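Read through the structure below, which is laid out as structure tokens, and then see the notes.
Here the structure is a predicted model, which means the values were calculated and not measured. To find a chain, count down the sequence lines: A is the first, B the second, and so on, and within it residues start at 1.
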Number of protein chains: 2
Amino acid sequence: MKTVSNVINGYAHVAEGTKERVLAAVETVGYRPNLSARNLARGRSGVIALVVPRLEMPYFAGLAGQLIEQAEARGWFVLIHETGWDRMAERAAIEGQFPQRIDGLIVSAQQLERADLDQRTATTPLVLLGERSFGDAVHHVAIDNTAAARTAVEHLIERGCRRIAMVGASDAAADDPRRRGYLEALEAAGLELQPDLMLPIRANSGEEGERVVRELLESDVALPDGVFAVTDWVALGAMRALHLHGLRVPDDAAVVGFDDIPYARAVTPSLTTIAPDRAALAEVALRMLETQLNPAGGLAEPVHQTVPFELVVRESTTSFGPPQSRAH
Amino acid sequence: MKTVSNVINGYAHVAEGTKERVLAAVETVGYRPNLSARNLARGRSGVIALVVPRLEMPYFAGLAGQLIEQAEARGWFVLIHETGWDRMAERAAIEGQFPQRIDGLIVSAQQLERADLDQRTATTPLVLLGERSFGDAVHHVAIDNTAAARTAVEHLIERGCRRIAMVGASDAAADDPRRRGYLEALEAAGLELQPDLMLPIRANSGEEGERVVRELLESDVALPDGVFAVTDWVALGAMRALHLHGLRVPDDAAVVGFDDIPYARAVTPSLTTIAPDRAALAEVALRMLETQLNPAGGLAEPVHQTVPFELVVRESTTSFGPPQSRAH
DNA sequence: CTGAAAGCGCTTACAG
DNA sequence: CTGAAAGCGCTTACAG
């Protein structure tokens with residue numbers, strides 16, 4: 001019994017011959033371990049929860065797909081849980097309030113505050129995703145949002161943009177990494193900051209992106225020639241507003257988004273955007289969970305980790321031949 | 001033991017007083033059943049698989065969200081599995097080839113053929129989703145695709161369209177329900193069928209939609225004044241091609257899609273489309289699975305069932321004020 | 001390096 | 001209507 005178990009679980013110290021015989025038997029019998037029994041014996045559930053605002057948002061669906069795939073290799077189920085951008089729902093999630101018990105939590109923090117984490121009583125291993133940072137109280141993985149935003153805005157500047165709006169600048173100046181990247185890029189290029197071009201929004205939705213850009217275009221402020229939007233959805237809204245105002249993208253104003261959702265390449269013009277390395281995101285998150293579950297070796301201090309991103313250049317910042325040139 | 005179990009599982013025949021005492025104890029102790037143990041004892045895994053081509057596609061993500069939510073209420077986990085539109089992967093899925101054993105299968109059939117079902121040896125309860133039909137060999141739930149397509153095309157006709165292209169007409173004339181709906185609508189309106197306007201595509205992608213519409217526009221065929229696309233993605237590609245050709249949507253050509261993915265309301269112009277009732281889809285699929293698991297009462301004959309859909313009218317078939325009128 | 005035995009937390013005939 | 005006991009299929013000290 002123990003020997004078979006050792007082989008199945010890949011423990012060392014099994015005689016080579018024995019191991020082969022066991023594997024051969026596994027093969028001929030078609031044995032597959034019963035995960036319910038295993039988890040029961042191990043005192044685990046075999047389930048980790050992925051908490052996102054809404055699975056239908058392609059960014060989160062893509063992330064979920066990655067996570068499911070990589071979790072499978074480690075014998076975990078991924079229970080997907082939606083919060084609908086509700087802070088209370090996110091709080092309940094980090095407290096592990098699920099119908100079943102779970103071994104670990106990966107939470108895309110949208111509304112969560114530092115205080116919510118400080119008040120957390122649950123001890124379930126937790127990994128946070130997303131651009132917000134929460135000090136050293138918790139494991140956290142994300143791309144370097146400041147660098148990514150800087151890259152996006154530098155790209156616009158290289159394209160000749162001089163009046164670059166940021167759609168989705170949060171009010172809280174200090175701790176918004178993307179806003180910081182925007183400012184850094186402007187400063188590095190010697191461009192003056194135009195507060196009128198920093199457009200806060202209430203939610204990262206297309207509607208909000210459209211609304212604030214429309215308001216900008218209808219105001220007295222001189223037109224922007226570039227737009228950096230905090231998500232692709234917001235960028236789509238911004239493009240809509242530009243279009244409705246008779247401005248051509250990218251000729252009159254270039255646009256860069258963030259996330260690289262599938263629509264980014266489907267829209268007209270297709271959208272230049274920042275593509276986070278989702279696979280790396282998923283992998284690091286899972287590793288962080290494992291570290292907390294098996295505090296073997298070193299101590300499992302909460303850590304931040306960043307993963308790569310990429311600027312994907314498409315039509316919204318380059319050319320957009322036939323359509324626009326023909327229309328005008 | 002048995003009594004507590006009875007209460008927890010909602011079996012009848014427990015004295016009211018006893019029941020209350022049990023529930024009170026559950027409350028004070030904070031008892032939550034261990035699903036691993038339950039499933040082990042019941043000989044189930046508690047897991048059902050949802051098999052889709054790609055979770056990142058919003059239609060499937062939305063469906064998955066619905067299914068997860070409703071499965072939770074029935075004590076099921078949903079294991080999401082991606083096939084990437086690969087027929088072999090779909091075949092493997094219906095054979096239940098998953099790393100863990102599963103209690104039931106909900107499969108969005110994309111490439112699956114009737115023959116694959118006939119050859120199936122696995123006995124895991126199975127429910128098929130999607131527009132393709134497979135005879136009476138298997139449980140199947142979908143909207144009435146013929147009626148939906150007819151509704152979409154009738155809407156275009158009402159809007160004054162007379163030369164309506166169908167993007168995504170399959171080659172196999174007979175058994176494509178959406179094609180049939182298209183034909184029915186034309187016939188009912190006394191419009192002549194234009195074979196040149198039926199555009200087959202290799203995949204339901206934006207690229208393919210764009211390609212075939214571009215080819216149509218660049219051909220000698222007279223321009224269409226309406227487009228019915230088999231999915232929203234395809235419709236987005238079609239709109240792109242129209243736009244690139246200098247045609248205005250909806251003024252020069254109105255467009256209707258299918259699925260009602262989130263982008264449909266985010267694009268410019270926003271897209272008129274057919275919205276299937278995803279919640280109903282999920283619910284019926286789960287009920288069909290339960291029927292197969294508990295063949296109590298009547299026999300569990302494979303059945304087809306349809307769920308409601310809705311035509312969501314947006315700008316791509318109505319007006320699209322400022323933008324286009326201004327540009328021209 | 002390997003076997004025998006207990007135990008994980010449920011469900012389910014079986015008595016009563 | 002309710003209790004005692006076995007069993008689901010694993011893992012894990014514990015011997016050897």
Side-chain angles (χ1 to χ4, degrees), chain A residues 1-48 72-77 79 96 98-104 123-124 290 293-296, chain B residues 1-48 72-77 79 96 98-104 123-124 290 293-296:
Chain A
M1 208 73 209
K2 174 68 166 132
T3 301
V4 173
S5 180
N6 280 344
V7 172
I8 302 278
N9 291 295
Y11 292 148
H13 309 306
V14 182
E16 198 50 46
T18 318
K19 188 170 170 182
E20 274 167 22
R21 276 189 297 143
V22 171
L23 290 176
V26 163
E27 184 64 29
T28 58
V29 186
Y31 172 80
R32 286 190 302 174
N34 180 317
L35 292 191
S36 295
R38 171 179 290 171
N39 289 322
L40 177 59
R42 285 190 180 157
R44 292 190 177 176
S45 67
V47 176
I48 61 174
E72 207 165 83
R74 300 166 195 240
W76 269 326
F77 286 123
L79 174 68
F98 296 93
Q100 34 261 323
R101 59 199 79 182
I102 54 169
D103 295 341
T123 56
T124 310
E290 274 177 336
L293 280 167
N294 311 317
Chain B
M1 209 74 209
K2 174 70 168 136
T3 302
V4 172
S5 180
N6 280 344
V7 173
I8 303 278
N9 292 295
Y11 292 148
H13 308 307
V14 182
E16 200 51 47
T18 318
K19 187 170 171 180
E20 274 167 20
R21 276 187 298 143
V22 170
L23 289 176
V26 163
E27 183 67 29
T28 58
V29 185
Y31 172 81
R32 288 189 302 172
N34 180 317
L35 292 192
S36 295
R38 170 179 292 173
N39 289 323
L40 177 60
R42 284 189 181 161
R44 293 190 177 177
S45 66
V47 176
I48 61 174
E72 206 165 84
R74 300 165 196 239
W76 270 326
F77 285 123
L79 174 67
F98 296 93
Q100 34 261 324
R101 57 199 81 182
I102 54 168
D103 295 341
T123 56
T124 310
E290 274 177 337
L293 280 167
N294 311 317

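- The shortest distance between the side-chain N/O atoms of Thr3(A) and the OP1/OP2 oxygens of dC1(C) is not below 4.0 Å.
- For the pair Arg32(A) CZ and dC8(D) P, the interatomic distance rounds to 19 Å; values are reported in whole Å.
- Put simply, the side chain of Leu23(A) reaches to within 4.5 Å of the side chain of Val7(A), judged on heavy atoms.
- Between the CD atom of Gln100(B) and the C1' atom of dC10(D) there is a distance of 15 Å, given to the nearest Å.
- Look at CD1 on Ile8(B): it is 8 Å from P on dT11(C), rounded to the nearest Å.
- Out of dT11(C), dG9(D), dT12(D), the shortest distance to the side chain of Arg42(B) is found at dT11(C).
- Nucleotide dT11(D) holds its P atom 6 Å from the OH atom of Tyr31(A), rounded to whole Å.
- When atom types are taken as modelled, the side chain of Arg101(A) and the backbone of Gly96(A) share no donor-acceptor pair closer than 3.5 angstrom.
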Could you pull out the protein-nucleic contacts involving nucleotides 13-16 of chain D (nitrogen or oxygen on both sides, under 3.5 Å)?
none

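- Between Leu40(A) atom CG and dG7(C) atom C1' there is a gap of 9 Å when expressed in whole angstrom units.
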With both pairing distances under 3.5 angstrom for Watson-Crick or G-U wobble, and | for a partner in another strand, the correct string for DNA chain D is |||.||||||||.|||
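- Taking the side chain as every heavy atom from C-beta outward, Asn34(B) and Leu40(A) approach each other to under 4.5 Å.
- Here the P atom of nucleotide dC8(C) and the CG atom of Leu35(B) are 18 Å apart, to the nearest Å.
- A 4.5 Å side-chain heavy-atom check between Glu290(B) and Leu293(B) finds every atom pair outside the cut-off.
- OP1 or OP2 of dT11(C) lies within a sub-4.0 Å distance of a side-chain N or O belonging to Ser5(B).
- One can place CG of Asn6(A) at 10 Å from C1' of dT11(D), the figure rounded to the nearest angstrom.
- Taking only side-chain atoms of Pro33(A), from C-beta outward, the nucleotide of dG9(D), dT11(C), dC10(D) with the closest atom is dC10(D).
- Remark: the backbone N or O of Ser45(A) is paired with a side-chain donor or acceptor of Asp103(A) at under 3.5 angstrom.
- Spacing between atom NZ of Lys19(A) and atom P of dT2(C) amounts to 11 Å, rounded to whole angstrom units.
- Comparing atom distances between the Ala37(B) side chain and each of dT12(C), dC10(C), dG7(C) picks out dC10(C) as nearest.
- Thr124(B) approaches Ile102(B) most closely through the heavy-atom pair CG2-O, 3.8 Å.
- Between the Arg32(B) side chain and the Phe98(A) main chain, a donor and an acceptor come within less than 3.5 Å of each other.
- Side-chain contact between Lys19(A) and Asn6(A): absent, with no pair of heavy atoms (C-beta onward) separated by less than 4.5 Å.
- Counting all heavy atoms, side chain and backbone alike, Trp76(A) lies closest to Val47(A) at CD1-N, 4.3 Å.
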